[in-house]
Amino acid sequence: MARLRAAGSVFAEDEARMLVDAASSPDELESMVARRIEGEPLEVIVGWASFCGLRIVVEAGVFVPRRRTELLVEEADALATPGMLVVDMCCGSGAVAAALISRQPGLEVYAADIEPAAVRCARANLGSRGRVFEGDLFDPLPGSLRGRVDIIVANAPYVPTDAIGLMPPEARIHEPRSALDGGSDGLDLQRRVVDAAPGWLRPRGRLLIETSERQAPATVLAFEHGGFAASILRSEELDGTVVVGTLLG
C-alpha cells in the first residue's frame, strides 16, 4: 500500500485490497503492483471494472467505463420498457448494454464497436443476452433493424484531439485513441451518430448521447439539425451529462 501511495494513488488502500484479492501468488501480486505503479489502469490489471453494481470484464486496450456514464444507463432505463429494441453504439466493453439488461432482462439489445478487443469484452459481458458486432458505427448492424430501434445509447468519443495530451496517463497511454478522440471540437463522432440514427429509429424513437457539460449545447444543436427535439440532463453527483433526443416526424 505504501508503494502505491508513494506512486500517487489517492485510493491506495482500496487498490491494494483489490490487487491482493486478484493475485493468485505473491509473485503475481508483485507483478500487479509494479504494473500499477507504472500507470497501468487498475481495472485492466485485475480484469474488471465496477459499473452500476456489476463487474464488467475489461482487458488491455479497452476503454474503462467511467462512473459518469451511469447517468446514461439511468436515463435509458427510465425510457425503456420490456420488449424494446435497444442499440448500444460505440459500446466499448458493453458496460451500458450489460447494465440495461441487468435492470430490464426483457430488452432486445444489440451493440457495436470498432475495436476488436472491446467487442471481445462486450461479448463476454453480454453473453447470450445481447448481440455484439464489430465495425464502424452502424455499419455492422443487421439491416433488419432499420426503422425498428426504440432507443440508441452512445458514449461516442468526445475528447477534442488537442486535449488528449492533457488526459491522465492511464487514459492517453493505455486506452485506444479511437475511444477518446472526438476530432477538433470533440463532436465528430457524435455528429455521425446523430446523422445516421434517424435511419434506424422508429418514429419518436430516442437517442441518448453522453457528452461534457461544456460541449452539451453544441451537442444539442447537432441533435436539432438531425431532426430531434433535444434536452440536456446533468448529474452533479456522477459528474455526468447526457443529451436526450426524440426523433421528430
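For the numbers below, each heavy atom of this structure counts, side chains included, while hydrogens, waters and symmetry mates do not. Computed from a predicted structure; not experimentally measured.
Criterion: ILVMFWY side-chain heavy atoms under 4.5 Å apart, direct or through other members. Under it, Y110 and L107 are not part of a common hydrophobic cluster. When the side chains of ILVMFWY residues are joined at heavy-atom separations under 4.5 Å, either directly or via intervening members, V86 and L79 end up in a single hydrophobic cluster. L72 and M84 fall within a single hydrophobic cluster, where Ile, Leu, Val, Met, Phe, Trp and Tyr are joined by side-chain heavy atoms under 4.5 Å apart, directly or via other members. Neither L201 nor V242 shares a network with the other; the hydrophobic side chains, linked directly or stepwise wherever heavy atoms of I, L, V, M, F, W or Y lie under 4.5 Å apart, form separate groups for each. In the hydrophobic cluster analysis, where Ile, Leu, Val, Met, Phe, Trp and Tyr join through side-chain heavy atoms closer than 4.5 angstrom, V96 is grouped together with I101.
Distance check: T211 OG1 to R68 CZ gives 10.5 Å after rounding to the nearest 0.5 Å. To the nearest 0.5 Å, atoms CG (L238) and CZ (R67) are separated by 5.0 Å. Between the CD atom in E175 and the CE atom in M167 there is a gap of 6.5 Å [rounded to 0.5 Å]. Here E115 contributes atom CD and R177 contributes atom CZ; the two are 12.5 Å apart, rounded to the nearest 0.5 Å.
With sequence neighbours left out, the ring pair (Phe, Tyr, Trp, His ring centres under 6.0 Å) criterion links F133 to no other residue. With sequence neighbours left out, F228 forms a ring pair (Phe, Tyr, Trp, His ring centres under 6.0 Å) with F223.
In plain terms, the two heavy atoms of L71 and G240 that are nearest each other are CD2-O, 3.3 Å. Minimum heavy-atom separation, A222 to V194: O-CG1, 3.3 Å. The heavy-atom pair separating D113 from A118 by the smallest distance is OD1-CB, 3.7 Å. Closest heavy-atom contact between D188 and S184: OD2-N, 4.2 Å. Smallest separation of non-hydrogen atoms from I56 and A98: CD1-CB, 4.1 Å. Heavy atoms only, all atoms of each residue included: A216 and V243 are closest at O-CG2, 4.1 Å.
Between L137 and C90 there is a side-chain heavy-atom pair separated by less than 4.5 Å. Under the 4.5 Å side-chain criterion, counting only non-hydrogen atoms from C-beta, D181 is not in contact with L189. The shortest distance between side-chain heavy atoms of P82 and Q104 falls below 4.5 Å.
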Chi angles and distances behind the side-chain contact (heavy atoms from CB on, under 4.5 Å) call for V109, L100: CA-CA 9 Å; V109 175; L100 286 173; 5.6 Å; no
task: Could you give me the CA-CA distance, side-chain angles and deciding distance for R204 and L247, then say whether side-chain contact (heavy atoms from CB on, under 4.5 Å) is met?
output: CA-CA 5 Å; R204 307 295 295 178; L247 184 62; 6.0 Å; no
task: Verify side-chain contact (heavy atoms from CB on, under 4.5 Å) between L19 and L42, making sure each step is shown before the conclusion.
output: CA-CA 8 Å; L19 292 172; L42 176 68; 3.7 Å; yes
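Residue pairs that meet the salt bridge (charged side-chain N to carboxylate O under 4.0 Å, His left out) test with at least one member in residues 70-92, sequence neighbours left out, are D77-R103. Counting only residues at least two apart or in different chains, salt bridge (charged side-chain N to carboxylate O under 4.0 Å, His left out) contacts with residues 119-135 comprise E59-R120. Screening residues 34-84 for ring-ring contact (aromatic ring centres under 6.0 Å, His included) gives no qualifying pairs among residues at least two apart or on separate chains.
Under the 4.0 Å criterion applied to side-chain N and carboxylate O atoms, E170 and R36 are assigned as salt-bridge partners.
Using modelled atom types and a 3.5 Å distance limit, the side chains of Y158 and Q190 yield no donor-acceptor pair. A donor-acceptor contact under 3.5 angstrom links the side chains of R234 and T241, judged on distance only.
A side-chain donor-acceptor contact under 3.5 Å links Q215 to the backbone of D185.
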Can I get a per-line list of side-chain donor-acceptor pairs under 3.5 Å for residues 138-156, giving both atom names and the distance, sequence neighbours left out?
from : atom 1 : to   : atom 2 : distance (Å)
R148 : NH1    : S144 : O      : 3.2
D150 : OD1    : R202 : NE     : 3.2
D150 : OD2    : L85  : N      : 2.8

